[in-house]
Protein chains: 2
Amino acid sequence: MSADRPYTYVLERLNAAGLRPTRQRLALAKLLLEAGDRHITAEQLHSEAVAAGIKVSLATVYNTLHQFTKAALLREVVVEAGRAYFDTNTSEHHHLFREDTGELSDIAPSAIAVSELPVPPDGMTIDRVEVIVRIKPS
Amino acid sequence: MSADRPYTYVLERLNAAGLRPTRQRLALAKLLLEAGDRHITAEQLHSEAVAAGIKVSLATVYNTLHQFTKAALLREVVVEAGRAYFDTNTSEHHHLFREDTGELSDIAPSAIAVSELPVPPDGMTIDRVEVIVRIKPS
DNA sequence: GTGTTTGCAAAGTGTTTGCAATTTA
DNA sequence: TAAATTGCAAACACTTTGCAAACAC
């Protein structure tokens with residue numbers, strides 16, 4: 001959410017998804033989308049929101065994250081069993097995951113070339129291809 | 001664990017990891033490694049073991065899976081938040097994941113070419129590169 | 001015998017859900 | 001006012017842990 005398109009972008013997406021622009025959703029969208037590309041868990045976002053004085057429950061944060069994901073404002077990334085990360089970068093790209101800290105960052109799609117993808121079985125289509133580069137202290 | 005190396009392989013690995021070849025560990029190893037490449041969750045393996053008349057608790061299955069992973073008999077694969085899969089194929093390869101059924105299968109490393117990997121930050125090394133091709137009904 | 005392993009049940013995580021109260025259009 | 005949304009607490013699925021009994025060497 002850059003300065004020159006204040007809420008229009010979010011409002012459009014919410015509207016397209018049939019979601020009312022409530023106080024909580026707008027506040028969370030602001031936290032999520034104003035600071036550039038982010039990778040965040042529900043707990044982290046909830047803490048941030050509370051710290052910022054936004055009255056919102058963890059349950060609503062979870063609901064909102066999933067609604068935003070469905071509305072294409074976010075993308076879910078699975079790197080650790082038992083923790084869901086949400087990525088504000090919804091364009092095609094890959095991930096670098098620091099196993100010691102749980103820190104997740106983007107890798108530009110151009111930085112990794114994936115070729116010769118398998119042909120999916122009949123009646124199936126490729127939803128997406130994820131590349132996760134896992135790094136750890138050497 | 002093929003017919004011509006009955007328990008030697010498992011015994012060696014357990015030994016190398018300082019793990020005693022107990023009834024439970026040997027039985028689980030047999031289930032895991034005798035049937036070729038498998039992708040299995042702790043619950044699934046526990047069910048199989050119980051069905052096969054092996055007396056083992058779910059806690060022990062979890063412990064054993066992690067010990068086997070540390071001993072390089074298994075590899076853990078993360079494809080879904082909140083569920084851990086263990087792969088009996090420990091060599092380098094990629095995965096095809098059916099999002100509707102949770103079914104996981106291997107993709108030969110030769111089937112996907114990953115190039116131009118990013119250089120890890122200082123003091124970090126690439127632990128591994130995972131490619132997950134997610135498919136769903138079209 | 002001594003140290004390891006097991007099993008149970010309890011505790012822990014992260015996430016989802018039911019429902020009354022609140023808010024939005 | 002009608003329908004959507006929220007918050008709480010309870011329920012959930014999966015996983016880990018503490019500790020006494022059982023087992024391996």
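All heavy atoms count here, side chains included; hydrogens, waters and symmetry mates do not. Just so we're on the same page: letters track the sequence lines, and every chain starts at 1.
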Pairs involving residues 119-138 of chain A, ordered by first then second residue, that meet side chain to side chain donor-acceptor pair (under 3.5 Å) (sequence neighbours left out):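 Those involving residues 119-138 of chain A are A/Asp127-B/Lys136, A/Arg128-A/Glu130, A/Glu130-B/Arg134, A/Arg134-B/Glu130, A/Lys136-B/Asp127.
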Hydrophobic cluster partners of A/Ile112 (side-chain heavy atoms under 4.5 Å): A/Leu96, A/Ile107, A/Val114, A/Leu117, A/Met124, A/Ile126, A/Val129, A/Val131, A/Val133, A/Ile135, B/Leu96, B/Ile107, B/Ile112, B/Val114, B/Leu117, B/Met124, B/Ile126, B/Val129, B/Val131, B/Val133, B/Ile135
Residues in contact with DNA chain C, drawn from residues 47-60 of chain B - heavy-atom cutoff 4.0 Å: B/Lys55, B/Val56, B/Ser57, B/Ala59, B/Thr60
Pairs involving residues 35-50 of chain B, ordered by first then second residue, that meet salt bridge (Lys or Arg N to Asp or Glu O under 4.0 Å) (sequence neighbours left out): B/Arg38-B/Glu48
Could you pull out every donor-acceptor pair under 3.5 Å between side chains of residues 76-84 of chain A and any protein atom, sequence neighbours left out?
none

Partner set under side chain to side chain contact (heavy atoms under 4.5 Å, CB included) for A/Ser115, not counting sequence neighbours: B/Ala113
What is the distance, to the nearest angstrom, from the [atom1] atom on [X] to the [atom2] atom on [N]?
| X | N | atom1 | atom2 | answer |
| --- | --- | --- | --- | --- |
| B/Leu26 | C/dT6 | CG | P | 10 Å |
| B/Asn15 | C/dT4 | CG | C1' | 14 Å |
| B/Ile40 | D/dC14 | CD1 | C1' | 16 Å |

Helical stems, DNA chain D - three or more consecutive Watson-Crick or G-U wobble pairs below 3.5 Å: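 Stems (3+ consecutive pairs) listed as C:1-25 with D:1-25.
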Residues within residues 62-73 of chain B bordering DNA chain D, heavy-atom distance below 4.0 Å: B/Tyr62, B/Asn63, B/His66
Within residues 75-86 of chain B, residues whose heavy atoms come under 4.0 Å of DNA chain D: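 Close to the strand are B/Gly82, B/Arg83, B/Ala84.
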ring-ring contact (aromatic ring centres under 6.0 Å, His included) pairs, two or more places apart, involving residues 32-54 of chain A: A/His39-A/His95
Where at least one partner belongs to residues 50-90 of chain B, residue pairs that pass ring-ring contact (aromatic ring centres under 6.0 Å, His included), sequence neighbours excluded: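 Checked against ring-ring contact (aromatic ring centres under 6.0 Å, His included) - neighbours excluded - the pairs reaching residues 50-90 of chain B are B/His66-B/Phe86.
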Reading 5' to 3' through nucleotides 20-25 of chain C, protein heavy-atom contacts under 4.0 Å coded B for base, S for sugar-phosphate only, - for none: ----BS
